Amino acid sequence: MKKILMICALALSGVLNAQTGGTIKGQVYSADSTEVIPFAIVRMEVAGEIVSVKADFDGKYSFYAIGAGKYNLSVETTLNGKTTVNGVV
């Protein structure tokens with residue numbers, strides 16, 4: 001079973017403020033290659049709730065209106081299982 005690597009080309013973009021927040025973006029790749037993993041489920045805990053998004057055909061995903069802080073992201077696919085990245089800023 002391949003491990004997956006979540007490349008968090010992320011950085012909170014834009015100016016963080018109370019009204020809009022920032023954006024966390026990334027792309028899901030296979031850990032042992034540069035193969036993009038499309039349609040993976042990416043989850044993040046925000047204010048005690050789990051928020052999920054589905055990566056697109058190119059493995060890209062985005063979370064919008066995120067306040068400043070550290071977050072744990074997990075990515076899950078049918079073939080590759082689940083991988084977690086802790087402390088994403």
Side-chain angles (χ1 to χ4, degrees):
M1 182 179 293
K2 289 185 191 177
K3 286 188 175 184
I4 37 184
L5 172 67
M6 188 166 32
I7 301 295
C8 298
L10 46 103
L12 290 173
S13 63
V15 177
L16 293 178
N17 64 47
Q19 291 180 351
T20 61
T23 301
I24 295 179
K25 296 180 180 182
Q27 192 167 21
V28 182
Y29 289 92
S30 171
D32 58 354
S33 72
T34 57
E35 179 182 347
V36 171
I37 300 177
F39 310 117
I41 302 298
V42 183
R43 293 183 175 94
M44 177 175 67
E45 184 175 345
V46 178
E49 293 187 29
I50 302 296
V51 179
S52 299
V53 296
K54 190 173 190 177
D56 66 12
F57 180 78
D58 295 319
K60 295 179 182 180
Y61 64 90
S62 298
F63 291 96
Y64 298 101
I66 304 300
K70 290 185 179 181
Y71 297 95
N72 298 330
L73 296 179
S74 65
V75 62
E76 189 170 351
T77 67
T78 305
L79 297 175
N80 299 307
K82 181 177 177 180
T83 299
T84 301
V85 178
N86 295 313
V88 176
V89 178

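Model, not experiment: these values are computed from the prediction. Because only heavy atoms are used, hydrogens play no part in the values below, and waters and symmetry mates are left out as well, while side chains stay in.
Annotation: side chain of Tyr61 is not in contact with side chain of Val75 (no heavy-atom distance under 4.5 Å). Between Ile24 and Leu73, the closest side-chain pair of non-hydrogen atoms falls below 4.5 Å.
Heavy-atom minimum distance, Tyr29 versus Val36: CE2-CG2, 3.8 Å. Contact record, Asn72 with Gly87: OD1-N, 3.1 Å, taken as the closest heavy-atom pair.
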List the atom pairs, with distances to 0.1 Å, where a side-chain N or O of residues 39-50 and a protein N or O form a donor-acceptor pair under 3.5 Å, not counting sequence neighbours.
from, atom 1, to, atom 2, distance (Å)
Arg43, NE, Ser52, OG, 3.4
Arg43, NH1, Glu76, OE1, 3.0

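For the salt bridge (charged side-chain N to carboxylate O under 4.0 Å, His left out) condition, no pair includes a residue of residues 51-66, sequence neighbours left out.
Here the CD1-NZ distance, from Ile66 to Lys25, works out to 12.5 Å after rounding to the nearest 0.5 Å.
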